[in-house]
Every structure is written in C-alpha cells, then in structure tokens.
Protein chains: 2
Amino acid sequence: MSVSETSGPTVYDVAERAGVSIATVSRVYRNPDTVRAATREKVLAAGQELGYVPSASARGLASRSTGVLGLFFPDFADPEAEAQAEARAEGSVPDGAMEDVELSFYGDEVIRGMERAARRRGYALLIAAAPMDRAGEVLPEVAGRVDGLAVLAHHVPADALDMVSRRLPVVVLAGDQARGRGSVDRIDVANFDGQMELTRHLIEDHGLRDLAFIGGPEDSPDAGARFRGFQAAHLAAGLPLPELPATRGDLTLAAGRKAALELLDRDGARLQGLVFANDQMAVGALHALAERGVSVPGDLAVTGFDGIPLGRLVRPALTTVRQPMPRLGERAVELLLARLADRERPVVSPTLPTAVARRASCGCGA
Amino acid sequence: MSVSETSGPTVYDVAERAGVSIATVSRVYRNPDTVRAATREKVLAAGQELGYVPSASARGLASRSTGVLGLFFPDFADPEAEAQAEARAEGSVPDGAMEDVELSFYGDEVIRGMERAARRRGYALLIAAAPMDRAGEVLPEVAGRVDGLAVLAHHVPADALDMVSRRLPVVVLAGDQARGRGSVDRIDVANFDGQMELTRHLIEDHGLRDLAFIGGPEDSPDAGARFRGFQAAHLAAGLPLPELPATRGDLTLAAGRKAALELLDRDGARLQGLVFANDQMAVGALHALAERGVSVPGDLAVTGFDGIPLGRLVRPALTTVRQPMPRLGERAVELLLARLADRERPVVSPTLPTAVARRASCGCGA
DNA sequence: GGATACTCTGAATGCGCTTCCATGCAGGGA
DNA sequence: TCCCTGCATGGAAGCGCATTCAGAGTATCC
C-alpha cells in the first residue's frame, strides 16, 4: 500500500487495493452502471478505506471540462475601504461608519441564485471579484478554470471579454447595453419598463405631477435606463418631459440623504415625489426626511428601485421595483449550459421582468 | 497555425508561433524572470495573438495544486423554499412573504471576506452550498477541486470531515465546539464573552434585573454559548441564575415577533429587557413591540447578536454584539495557507473577539 | 457442442502543463 | 587560448484521470 504521501491516494492505489485496473476504478466513479455490481463494491470499499478523492485537475484535463462555472463581478471595495473593513472587523473603528458597501450588496443574491442553479446541474461555482481596473488581468485567469463564465461587471475591457468568449461560453449580466451586443449572450433586467410602470403608478394612481428623479452615476447603464423609463411615463401622461435627473448620487444611503435634503431646500414647496434610482438612496432619503419632519407619503412620496429586503422593514415601507436577482444567476447558468451544449446556437439576450412593489412610501396600502 | 478547435490554443501552439519550446512558454507565464526579456516578449505576443489562456486543470495536475480555496456552507433553503424563491423571482408571489432566508445571510459576509483574502494571496474561491443531509457526498467532491477548504456548517458528518482533512487543509468555522476538537484547525467567535459583556452592560450600567433570553434552536452551538454568557453575567452580578432561555425561536424575524408577544403576555409587567440570541429575532421583536405600543427602551430594553447592517437602520437602533464575519473568512484563508505551507504545524483554534455595539435599544446614546 | 453476441475488464494513450536535467553559449580568469 | 561558471533554453518525463480498443469471459441459440 504505497499511498503517495504528498496528495492522497490515486486511482492507481485504489486499483491495486481492489485488485482491478485503473480503468475500472475510473468507471466506478464515473459511470457506475458499466461495472458489475460486485466489482463496483470492491472498488468503492477500497476507495473508502484509502480515503480516495478524485482529483478534479486530472479529471478536468482528461475530460476537457472542469465542472465549474464562474461568476466574475466587480469588487467595490477600493484598497482604502478594504483596510478599513479590516480595522472594523477588529473592532477598532467606531460603529456607524461606512457600511454602505456591505449593506445588501445585490451581487450576493446573484451569487446565491447562481450557486443553487449550478449545483442542481452538477456544477460548482467559482467566484472572482476584481477591482475594475484589473479586470483585464483577472478575467483570463478565471477563464482558465471554468467551463463557462458569467460577468456581472458593467465595464469589462472589450478585448479581454473577446478573448475569453472565444474560448468558452460567456454571459454578460445586466451589462452595458451598447457593449458587445450580438456577439455574446446577455441577460438584461427590465429597468426601463419597471421604472416606467412605477412612475405611471405615481402619476396616474396617485395624481402626482411634480416628481424629481435622483439618478445614479452617469456611467451606470442601469440607472440610465431607469431614468428613460421615468421620462417615458411623463410622455405617456402628456406631462412635460424631464430632460435630466433632478440630481445624481452614487447609490449609497448617504447620497440619498444628501440628495433629499438638497432637493427639499431647492424645490421643497413644489415637489410631490422623489423617485430614486435605487433603494439604498431612497432609504437614506427616508431617514433624512423623517428628521426634517417631512411626512412620507403625506408631504412627499418616495420610491426606490431594486427591492432590497431592507425596503420592507423601514417605515414607511418603501415602494420600489423589484429585480429578480437570484433569477439572474439562475438564468445565467441556464444560458451557459445551453451554449456549452451547442456552441453554434444563436446569441440570445433575454430581459428579465421586474415587478412594482406598491408599499406605503408612495401612498399605497398600510 | 493549427489551433485546437475544441478548447483553445495550448502551450504547443504558442511555442510554435513564438519559435520556442513549450518549457519556455511555461516559464514565461510562471516565472517570467527566468526568461530573457526579448524571448519573453516574443512569447507574450504570440500568446496574445492566439488568445492563449492557460488551462488550470493541466497546471493543477502538473503542479499538484489548484490555486483554489473552497468554502463549504449549509444551504438553508429546503426544496420547498427553493421553489418559492423561484416563484417570487417571477413576481408571482405576493410581496411580503418569506424573505427571512434572503435577509442578510451572514454567510455572505464570510464569503466576501474570504474571497478578498484569497484573491490577495493569489487564490480563487470556490463556494459550495449543500443541504446538510447531503454534506457527506458534496464535501469530497469539492475537496477534489481545492487546495484548502473552510467549512462553515455546524454538523458535517465526522467521517466525511476526517477523510477530507486527511487529504488537504481544512478549517472549521464557528462550528460545534465539541466536534473534532484537536484534530483540525478551527476558528471560533467569542459568543460567550460577547453575550456576557452585553448582559453585564444591561445589568450594571442600566440597572436591569429581569431579563429574558430568547434562545435559538437547541442544536445551535452558537446560541447555546450565548445563553451561557447570559447566565454568566447573572452569576457575576450575584443575580439568580436563569436555568433556561425564557423561550426559543428559529432565528427569524417572525420568530422574534412571536417570542416578543408571547413573553409580553406572559411576564410583560415584570420584564425589563429582552435579550435575543440573534439580530433578526430582535428586529422582529422591535416591530411587534412598536405595534403593541411598547416603548423601547423606555418600557423594555431589546438586544440582539450578530451586528447585521439592518440593526443600525431600525428605530431604535439595535444594541447588539458584533461578529467579525468578514474577518472570519480572512482568518480562514490565513490558516489554510499556513497549514498548506507546513502540514506539521500544531493545530490551532483561535477565537475571534466580538464587540458590543451600544445603541439606542438598550437605553444608550441617541 | 460450437458459434455468436454480449458484457466486463485491462492495456495503452493522451489531455496541457511543470519541472528536472541536459545542452549550448557567452564571458571571465588562468 | 582553454577551461570553468552561469545563464538561457530545449528535451523529456510524468501529474491522475478518461477513454478507446481489444481481449477474455459468459450466456444464448441453433
């Protein structure tokens, strides 16, 4: 029994112990049905006794597939925030500072949805975050490890994406609309439709006219699409078209707070509703407004976008547009496997539906 | 230029194109310094042009290491919840139902901390969830793919854990104290100390005497340790020792709500504080109490445990014991790499400190 | 009873890369 | 000028498994 000391027993060890060839051992673990029951038991027993664990590397090399899907997403934490995160973990930073990043990162739900779907299909999930400026280096690295790759980052260098997608199935999630259209599968979320529906609800059902849209960063395609939905609802109602967002924020709680106060000071008397590009800003605004004694939805309606769990727990509960994040991950797995099965299949780019959640902050229900 | 059609160019293709041997190509990508600059450039250029991506499988097989660390954790979603999750994603389930699972799964933070630490050390992270009853099957599967494995599940079958840990470094995170002591690295969190400190704060600083502890499931070692910390604080103050938790819950918002109402009806007049085994229950209780018109902390102090972001956003802000979740993941990486470097190093089981966050719900600050 | 058709198993090959060892070559000291 | 040293590169041997191709063994049928 000469079990390799360095990295556990191999097929050879198991084969020797069971008195069969390595081919049979391989078959037992790979397609058990092709081996006679008695032989199979013998091999399995030997494997058990030796603590045999098949090497995924060897299997991958021989079978030309890794059984792993990858999810690439941006790391929002810059080095500074990272250092702070560590300090906080140690308890050396005062409570209350800078937790926006940690607060319900929507990628978490995508990860969970994708992991679940992948596992159900017999795949494992490799996750790789990277600061956006290093995406070009990290991408090929993870590409070498997986059979298919989902990319959640908006701005991945096109050449890196090209190179990778030439080698394996790639699906871009909720990415830049303009980028890479037609060459690679993509999954979009109905940002436009969702925001339009929500805005029409405010206009038509609640009779609001003077709405302010608080946008995201200029380079956020999602936030851009939401604003266009906001505009479209105005068109539909025959209201004057808002040319630009009333202001912008960086999608954090603090930005929402700031935007709310700013708009309140500027057009407080006139405004009837604040339409935020995402939930976090809307929640920040709710707090700020409460402190100012502004009643929501009495004096001012407030809405968000995303459907983070927190939105239901604040008071008033936040009216928002819910995104199907876990579903995004699940669909990604489906598309990757479909393309894995047929590399020639036509490129697709489904759009996942969103749903308006009417809660208290717009004047609905309790 | 005979690039293999099926799975991209290989070292052979790059070598041929660059007019060097495959050994040199390998060196260029592995230790660039050992290759003359001119040669290196030539190879790199050839690699670029061909879209060469090294195969992790081959590399792993040849070098006997995968460059991947794994994180294994329980999948809380039973099949039913899973189906519901899908339905919800489609928008076909009424809002407001059953999102407890999604609400700040503390594993998310561990995942992020671990991914970050792993990447910094040049490793990728493979995540694998599994229903606890299938842990025994899934564990070896992921073990074959990684160089080291962190296990976040409390009750992993001992034999599976044994088998895996014989083959590669394993670290158990916040696991069952009694299980596997001494044979494998583990990282614990100061559940006992944290809860004791918080409870002493309630007793000594706020002068509260009649506190009710709302425990977790009987088989939760974490919740158990917290209750013992609660008991110890009573001992320290010379107060009567609570023999058992006043009641138990399953750690969800709903359970907290239910427990709060139940205790209110039972001992409402006497009670001065509700000490919950985790934050989610505490937040659920805050809502229930608000609806009942019970003032917190005026009539009743409420505390939690975990330090989820939500705790800071509810009103009153929740006093709690913060766990260093991301740090847990980081430490896991450190321990795994340390053991990877020296398989013979003594087994360690550090305990990560917790920190009491004094916020409004216990009567502190604003 | 012998040929035919299966079923099960083993030998051998190669997946793409790392790495040890050998080789060629330039430069420096004798 | 020659030998030795050191560096840059090539040759070649696996890493552990999947898989093809044959051969051995067994059951079936006439």
Side-chain angles (χ1 to χ4, degrees), chain A residues 2-43 46-47 50-67 140-141 143-145 147 167-168, chain B residues 2-43 46-47 50-67 140-141 143-145 147 167-168:
Chain A
S2 78
V3 171
S4 160
E5 293 297 322
T6 47
S7 64
T10 73
V11 272
Y12 294 97
D13 301 307
V14 177
E16 184 183 339
R17 174 128 186 170
V20 299
S21 77
I22 64 161
T24 298
V25 175
S26 176
R27 285 192 199 97
V28 166
Y29 285 92
R30 209 130 172 73
N31 357 25
D33 321 320
T34 67
V35 177
R36 191 160 40 116
T39 312
R40 194 193 316 144
E41 294 311 321
K42 219 169 34 178
V43 171
L50 292 175
Y52 169 67
V53 174
S55 151
S57 292
R59 177 176 294 193
L61 182 55
S63 67
R64 279 176 225 42
S65 78
T66 63
E141 207 163 290
R145 305 185 176 290
D147 290 341
R167 193 183 204 278
L168 45 71
Chain B
S2 76
V3 171
S4 159
E5 292 298 320
T6 48
S7 64
T10 72
V11 272
Y12 294 97
D13 301 308
V14 177
E16 184 183 341
R17 175 128 184 169
V20 299
S21 76
I22 63 163
T24 298
V25 175
S26 176
R27 283 189 200 99
V28 166
Y29 285 93
R30 216 141 161 66
N31 358 22
D33 321 320
T34 67
V35 177
R36 191 160 41 112
T39 312
R40 194 193 314 144
E41 295 311 322
K42 221 170 32 177
V43 171
L50 292 175
Y52 169 68
V53 175
S55 151
S57 291
R59 176 175 295 192
L61 181 56
S63 68
R64 279 175 223 46
S65 79
T66 63
E141 206 164 291
R145 306 184 176 291
D147 290 341
R167 192 184 205 278
L168 44 71

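- For A:S57, no side-chain nitrogen or oxygen approaches OP1 or OP2 of D:dG16 to under 4.0 Å.
- In plain terms, the two heavy atoms of B:Y52 and B:T10 that are nearest each other are CE1-C, 3.6 Å.
- Checking D:dG16, C:dG16, D:dT19 against every side-chain atom of B:V11, the shortest atom distance belongs to C:dG16.
- Between A:L61 and B:S21, the residue anchored nearer the 5' end of DNA chain D, judged by the nucleotide with its closest heavy atom, is B:S21.
- A sub-4.0 Å separation between OP1 or OP2 of C:dT18 and a side-chain N or O of B:R59 is present.
- Applying the 4.0 Å criterion to OP1 and OP2 of D:dG16, one finds that A:S55 has every side-chain N and O outside that range.
- Atoms CZ (A:R36) and P (D:dG25) sit 12 Å apart, rounded to a whole Å.
- For the pair A:R64 CZ and C:dG16 C1', the computed distance is 10 Å after rounding to whole Å.
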### Task
List the steps and the verdict of side chain to side chain contact (heavy atoms under 4.5 Å, CB included) for B:R17 and B:L50.
CA-CA 9 Å; B:R17 175 128 184 169; B:L50 292 175; 3.8 Å; yes

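- Between the CG atom of A:L168 and the P atom of C:dG16 there is a distance of 15 Å, given to the nearest Å.
- Here B:R27 does not reach the OP1 or OP2 of D:dA8: none of its side-chain N or O atoms lies under 4.0 Å away.
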### Message
Between B:V20 and B:V25, does the side chain to side chain contact (heavy atoms under 4.5 Å, CB included) criterion hold? Intermediate values first, please.
### Response
CA-CA 7 Å; B:V20 299; B:V25 175; 3.8 Å; yes

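- At whole-Å resolution of the value, CZ in A:R30 and P in D:dT20 are 12 Å apart.
- In this entry the distance linking CG of A:D33 with P of C:dC6 reads 19 Å, nearest Å.
- Note that OG1 of A:T24 is 12.0 Å distant from CZ of A:R40, once rounded to the nearest 0.5 Å.
- The distance from atom CD1 of A:I22 to atom P of C:dA11 is 9 Å, rounded to the nearest whole Å.
- Regarding contacts with the backbone of C:dG10, a side-chain N or O of A:T24 is found under 4.0 angstrom from either OP1 or OP2.
- Counting non-hydrogen atoms under 4.0 angstrom, A:V35 reaches the backbone sugars and phosphates but no base.
- Residues B:R59 and B:P54 come closest through the heavy atom pair NH2-CB, 3.6 Å.
- Of the listed nucleotides (C:dC17, D:dC17, D:dA8), C:dC17 has the atom at the smallest distance from the side chain of B:P54.
- Within 4.0 Å of B:V20, counting heavy atoms only, lie sugar-phosphate atoms of the nucleic acid but no base atom.
- Across the protein-nucleic acid pair, A:N31 atom CG and D:dT20 atom P stand 10 Å apart, rounded to whole Å.
- Protein atom CD of A:E41 is 14 Å distant from nucleotide atom P of C:dC8, rounded to whole Å.
- One finds no side-chain N or O of B:Y29 lying less than 4.0 angstrom from the OP1 or OP2 phosphate oxygen of C:dT19.
- Contact annotation for B:Y12: base contact, defined as any heavy-atom pair under 4.0 Å involving a base atom.
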